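The structure appears below as structure tokens.
Keep in mind the model is a prediction, meaning the values are calculated, not measured. Atoms within a ligand are numbered from 1 in the order they appear, just like the ligands themselves.
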Amino acid sequence: MADDPDGGMLSWDESVFRDEHVFEIDYVPETFKHRESQTDSLTYALRPAVRGSRPLNVMVRGPPGTGKTTAIQKLFDEVGAQTSDVRTIRVNCQVNATRYSVFSRLFEGTFDYEPPSSGISFKKLFGQIAEKLVEEDKVLVVALDDVNYLFYENEASDTLYSLLRAHEEYPGAKIGVIVVSSDPALDVIDELDSRVQSVFRPEDVYFPVYDQPEIVDILGERVTRGFNDGVISRDTLEYVADLTADSGDLRVGIDLLRRAGLTAEMRASRTVEREDVTEAYEKSKYINLSRSLSGLTDTERTLLEVIADNDGEQAGDVYEAFHEETDLGYTRYSEIVNKLDQLGLIDADYAEVDGRGRSRSLSLSYEKEAVLDRLE
Ligand SMILES: Nc1ncnc2c1ncn2[C@@H]1O[C@H](COP(=O)(O)OP(=O)(O)OP(=O)(O)O)[C@@H](O)[C@H]1O
Ligand SMILES: [Mg+2]
């Protein structure tokens with residue numbers, strides 16, 4: 001490059017980015033296209049809360065990266081702008097995967113400080129949240145985001161039961177629940193205890209994957225805000241959208257744009273080209289894998305490593321290796337196998353084994369290297 005004496009990277013004040021922040025994972029977009037009907041349904045369900053009564057419960061479903069969390073965030077922002085009589089709290093169940101920890105988050109959202117770490121009983125924790133609600137005459141709307149994680153830990157029924165029957169124990173407590181699941185294989189209602197099923201009849205709101213033209217439209221907006229003018233051509237953007245549509249997860253596209261921008265800068269280019277996108281895709285395509293891994297406990301990570309080292313082996317043999325490393329028993333082992341299977345990290349298929357009846361063989365759903373690299 002003629003005006004670049006170093007010949008290498010762009011200098012610090014030169015960049016393809018106008019605002020790199022718009023490609024970050026926690027960025028809430030200004031516009032939210034192609035989700036009008038879902039937004040309308042959610043608004044409809046919450047309308048009673050704004051008028052001071054209990055809202056309709058909602059079940060939001062849809063594959064990863066289809067705008068579910070964003071929809072909730074935007075909805076809660078809007079409610080907050082309209083009234084201070086509704087308390088909205090979104091709980092990330094990937095992080096808060098037990099009833100106790102969900103209610104700790106609700107406590108924090110109610111009082112603006114964490115509950116005492118000395119461990120107060122669940123009953124006390126719940127009581128304080130509910131009493132405050134009644135005392136202030138507010139309506140509480142709880143979004144259990146990524147609720148599938150509560151199911152994996154067998155905590156979903158208890159959590160929902162407590163929330164949905166709160167008014168019986170604390171007259172005047174008005175609580176609405178939005179459950180958000182990103183596991184297409186999970187039948188939320190079916191998996192709940194019958195005592196919960198009898199009180200939980202939510203409105204159903206579905207978020208389908210975006211198609212390629214919708215992705216072009218949505219990512220086009222990020223490009224305008226995030227890149228300088230003329231950095232990426234329409235053709236290249238279409239290519240990004242093709243790759244994104246393959247996975248169905250909009251996160252892949254956003255990550256691709258950011259990485260491709262960085263790749264372009266690395267080779268001192270002021271434009272993002274197709275090759276930059278192709279190179280970036282080698283990392284971006286694993287964004288969902290990285291997200292799933294980030295929520296695992298140490299024990300779960302250990303089992304995944306053991307499965308990687310014994311890819312395709314029988315469950316019994318894998319258990320031997322796992323037990324040797326962790327000393328844990330078979331029941332706990334089976335639970336973790338099921339969770340990893342539900343997360344789409346492994347395939348646990350039943351097969352006939354000579355003389356031993358039916359047994360499961362465990363194999364990784366992703367390439368071994370990709371998994372091990374990201375576990376480090
Ligand atoms: N219609 C849209 N317009 C602009 N950005 C969007 C839109 N839908 C999703 N996004 C962006 O895509 C990314 C993923 O969206 P979001 O986190 O809401 O997905 P999700 O359905 O909650 O996924 P998961 O099930 O994995 O939690 C976010 O960065 C979000 O800003
Ligand atoms: Mg989400």
query: Do the rings of Phe107 and Tyr113 sit parallel, tilted or perpendicular, given the 30° and 60° boundaries?
result: perpendicular
query: Quick one: which ligand 1 atoms are inside 4.0 Å of a heavy atom on Thr70?
result: 15 (O), 16 (P), 18 (O), 30 (C), 31 (O)
task: Run the numbers for me: atoms of ligand 1, each under 4.0 Å from some heavy atom of Thr69, listed by number.
output: 17 (O), 18 (O), 20 (P), 22 (O), 27 (O)
- prompt: Should the pair Arg274 and Tyr239 be classed as cation-pi, given the thresholds of under 6.0 Å to the six-membered ring centre and 45° from the axis?
  reply: yes
field: Enumerated ligand 1 atoms positioned under 4.0 Å from heavy atoms of Thr66
entry: 19 (O), 20 (P), 21 (O)
- line: Check: of Lys33, Arg251, Arg222, min heavy-atom distance to atom 24 (P) of ligand 1 comes from Arg251
statement: When every non-hydrogen atom of Leu250 is compared with those of Thr244, the smallest separation belongs to CA-CG2, 3.9 Å
field: Protein contact of atom 19 (O) of ligand 1 - nearest heavy atom, named by residue and atom, plus distance
entry: Gly67 N, 3.2 Å
query: Would you call Asp19-Arg225 a salt bridge at under 4.0 Å N-O?
result: no
- prompt: Which protein non-hydrogen atom lies closest to atom 7 (C) of ligand 1, naming both residue and atom, and how far is it?
  reply: Tyr210 OH, 3.4 Å
- line: min-distance protein heavy atom vs atom 29 (O) of ligand 1 -> Ile254 CD1, 3.6 Å
message: Between ligand 1 and Ile72, can you find any atom pair, the residue atom being a heavy atom, that is separated by under 4.0 Å?
response: no
Contacting atoms of ligand 1, where contact means under 4.0 angstrom from a heavy atom of Ile218: 1 (N), 2 (C), 3 (N), 4 (C), 5 (N)
field: Tyr286 six-ring face occupied by Arg291 cation (under 6.0 Å, within 45°)
entry: no
statement: Out of Arg291, Arg61, Lys68, the nearest non-hydrogen contact to atom 27 (O) of ligand 1 is supplied by Arg291
query: Under 4.0 Å between a Lys/Arg side-chain N and an Asp/Glu carboxylate O for Lys283 and Asp255?
result: no
field: Contact check, Gly62 vs ligand 1, heavy-atom distance below 4.0 Å
entry: no
- prompt: Going by an N to O cut-off under 4.0 Å, is there a salt bridge joining Arg18 and Asp229?
  reply: yes
- prompt: Can you tell me if Phe207 has a non-hydrogen atom under 4.0 Å from ligand 1?
  reply: no
task: Go through ligand 1 atom by atom and flag the ones less than 4.0 Å from a non-hydrogen atom of Thr31.
output: 3 (N), 4 (C)
query: For the Mg ion (ligand 2), does an N/O/S atom of Ser182 lie at less than 2.8 Å?
result: no
query: If only atom types and distance count, is the side chain of Arg251 paired as donor or acceptor with the main-chain N or O of Asn288 below 3.5 Å?
result: no
message: Gly65 versus ligand 1: do any nitrogen or oxygen atoms come within less than 3.5 Å of each other?
response: yes
task: Work out which heavy atom in Asp249 is nearest to a heavy atom in Gly65; give both atom names and the distance.
output: OD1-CA, 3.1 Å
- request: Salt-bridge test for Glu279 and Arg259: reply yes if a basic N is under 4.0 Å from a carboxylate O, no otherwise.
  value: no
field: Location of contacts on Val28 toward ligand 1, heavy atoms closer than 4.0 Å
entry: neither
query: Do the two ring centres, one from Tyr333 and one from His323, sit under 6.0 Å apart?
result: no
field: salt_bridge(Glu153, Arg99) N-O dist < 4.0 Å
entry: no
- request: Compute both the distance and the angle, then confirm whether Arg195 meets the cation-pi test with Tyr161: under 6.0 Å from the six-membered ring centre, within 45 degrees of the axis.
  value: yes
- request: Can you pull out the closest protein heavy atom to atom 9 (C) of ligand 1? Residue, atom name and distance to 0.1 Å, please.
  value: Leu250 CD2, 3.4 Å
field: Contact atoms of ligand 1, heavy-atom distance to Tyr27 under 4.0 Å
entry: 31 (O)
message: Counting only heavy atoms closer than 4.0 Å, does ligand 1 sit against the backbone of Asn288, its side chain, both, or neither?
response: neither
- line: Numbered in order shown, the ligand 1 atoms found under 4.0 Å of a heavy atom of Ser182 are 25 (O)
- line: of all protein heavy atoms, closest to atom 2 (C) of ligand 1 is Phe32 CD1, 3.4 Å
